Amino acid sequence: MSILLIAGSPSERSRTAALLSAAGQRLEFRGGQVATLRVRDLPPQALLLADFGNPAVIRATAQVAEADILVVATPVYKAAYSGVLKVFLDLLPQTALKGKTVLPLATGGSPHHMLALDYALRPVLQSLGAKNILPGIYATDAQVVVTPEGGYHVSDEIGDRLDDAVNTLVAEHMSPTLAHAGRFSNVHFSQVRCSV
């Protein structure tokens with residue numbers, strides 16, 4: 001299960017990055033091969049001028065192509081996903097997400113912007129051919145809080161929603177051998193014995 005975390009925040013350290021990291025840790029724990037693509041690290045000029053031939057853009061596009069699952073995280077500004085993420089998604093081929101499962105994540109100052117996931121980001125992901133877009137997870141500032149040490153803590157409620165999303169991803173993409181690890185083996189009906 002190859003997973004690419006796409007960080008669409010223009011900031012290096014942010015609530016969005018913390019939410020994405022929490023998702024990535026859960027996926028790694030479940031055996032996923034996780035890589036991270038920080039859009040802010042791509043050359044700004046290449047993004048703004050749609051330089052498809054830029055080596056960094058070519059590598060980023062290849063990372064998207066190689067992943068089975070994408071987790072796309074963005075802060076919400078002006079009721080939409082970040083401009084940094086927008087210019088990157090615009091550079092992807094029209095069928096870049098064909099056959100892929102996508103988990104959208106977003107953070108915002110208040111619950112008023114949570115519909116940005118469904119009305120702004122989801123249509124773009126669908127237009128790029130995503131096979132399955134899971135219900136998005138939106139977290140407010142109150143749900144991803146700054147700790148006294150300067151880090152971030154994801155609330156239990158958001159943690160539970162991330163757990164559910166990861167369980168769905170694992171169930172859909174895990175190999176049959178790993179999916180049944182730790183479970184009882186199948187018993188054919190002819191082997192069933194009853195006593196009354």
Side-chain angles (χ1 to χ4, degrees), residues 1-28 31-108 113 115-139 152 165-166 169 172-175:
M1 181 167 63
S2 172
I3 301 150
L4 181 62
L5 309 179
I6 299 179
S9 175
S11 303
E12 183 177 355
R13 291 171 37 84
S14 64
R15 287 178 168 83
T16 305
L19 184 62
L20 186 63
S21 176
Q25 289 169 2
R26 285 163 168 79
L27 286 161
E28 282 181 336
Q33 297 172 331
V34 178
T36 302
L37 170 62
R38 292 173 187 82
V39 180
R40 71 180 304 276
D41 293 341
L42 296 174
Q45 186 168 1
L47 289 173
L48 292 174
L49 299 180
D51 184 358
F52 297 98
N54 182 282
V57 171
I58 291 170
R59 281 192 302 274
T61 303
Q63 281 185 280
V64 171
E66 292 163 7
D68 300 312
I69 296 168
L70 299 175
V71 182
V72 180
T74 179
V76 174
Y77 301 125
K78 311 289 189 215
Y81 56 97
S82 73
V84 170
L85 182 59
K86 167 69 171 154
V87 293
F88 176 68
L89 294 176
D90 285 347
L91 286 175
L92 295 177
Q94 192 60 46
T95 58
L97 305 187
K98 186 175 181 180
K100 301 184 188 304
T101 299
V102 182
L103 171 60
L105 306 176
T107 59
H113 300 294
L115 291 178
L117 277 171
D118 290 329
Y119 290 102
L121 185 56
R122 181 177 291 269
V124 175
L125 299 174
Q126 286 175 327
S127 76
L128 290 170
K131 176 186 80 170
N132 184 15
I133 303 173
L134 272 61
I137 298 174
Y138 179 87
Y152 292 93
V166 166
L169 290 171
E172 288 183 5
H173 290 276
M174 203 180 244
S175 71

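Everything numeric here is computed off the predicted structure, so don't read it as measured data. Computed from heavy atoms alone, side chains included, the values below leave out hydrogens, waters and symmetry copies.
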Participant: With sequence neighbours left out, write down each residue that passes side-chain hydrogen bond (donor to acceptor under 3.5 Å, both in side chains) with R38, or none if nothing qualifies.
Facilitator: none
Participant: Only pairs at least two apart or in different chains count here, so list each side chain to side chain donor-acceptor pair (under 3.5 Å) that has a residue in residues 83-106.
Facilitator: K86-D90, T101-H173
Participant: So, for L128 and P93, which heavy atoms are closest and what is the spacing to 0.1 Å?
Facilitator: CD2-O, 3.4 Å
Participant: To the nearest 0.5 Å, what is the distance between CG on L169 and CD1 on I3?
Facilitator: 7.0 Å
Participant: Report the distance from atom CG of L19 to atom OH of Y152, rounding to the nearest 0.5 Å.
Facilitator: 12.0 Å
Participant: Looking at residues at least two apart in the chain, or sitting in another chain, which of them share a side chain to side chain contact (heavy atoms under 4.5 Å, CB included) with P123?
Facilitator: none
Participant: Please name all residues satisfying side-chain hydrogen bond (donor to acceptor under 3.5 Å, both in side chains) with N132, sequence neighbours left out, ordered by chain then number.
Facilitator: E172
Participant: With sequence neighbours excluded, what pairs up with D118 under the side-chain hydrogen bond (donor to acceptor under 3.5 Å, both in side chains) test?
Facilitator: R122
Participant: Within this structure, what is the CG-CD1 distance for the pair L92 and I6, rounded to the nearest 0.5 Å?
Facilitator: 7.0 Å
Participant: Sorted by first residue and then second, give each side chain to side chain donor-acceptor pair (under 3.5 Å) pair with at least one member in residues 3-22; sequence neighbours left out.
Facilitator: S9-S14, T16-T107, S21-Q25
Participant: Minimum heavy-atom separation for V166 to A23, with atom names?
Facilitator: CG2-O, 4.3 Å
Participant: Please set out all donor-acceptor pairs under 3.5 angstrom arising from side-chain atoms of residues 43-50, sequence neighbours excluded.
Facilitator:
none

Participant: If you look at every heavy atom in P104 and L134, which pair is closest and at what distance?
Facilitator: CD-O, 3.4 Å
Participant: Looking at CG of L103 and CG of L27, how far apart are the two atoms once the value is rounded to the nearest 0.5 Å?
Facilitator: 8.0 Å
Participant: Within the structure provided, determine whether L121 and L89 are in side-chain contact (heavy-atom separation under 4.5 Å).
Facilitator: yes
Participant: For Q126, give me all partners under side-chain hydrogen bond (donor to acceptor under 3.5 Å, both in side chains), at least two apart in sequence or on another chain.
Facilitator: none
Participant: Kindly write out the residues that satisfy side chain to side chain contact (heavy atoms under 4.5 Å, CB included) with P135, not counting sequence neighbours, or none if the list is empty.
Facilitator: none
Participant: Would you give me the side-chain donor-acceptor pairs under 3.5 Å for residues 57-75, sequence neighbours excluded?
Facilitator:
| unit_1 | atom_1 | unit_2 | atom_2 | d |
| --- | --- | --- | --- | --- |
| T61 | OG1 | V57 | O | 2.9 |
| D68 | OD2 | S2 | N | 3.0 |
| T74 | OG1 | S82 | N | 2.9 |

Participant: Excluding sequence neighbours, so at least two apart, what forms salt bridge (Lys or Arg N to Asp or Glu O under 4.0 Å) with D51?
Facilitator: none
Participant: Restricting to salt bridge (Lys or Arg N to Asp or Glu O under 4.0 Å), what partner residues turn up for R40, sequence neighbours left out?
Facilitator: none
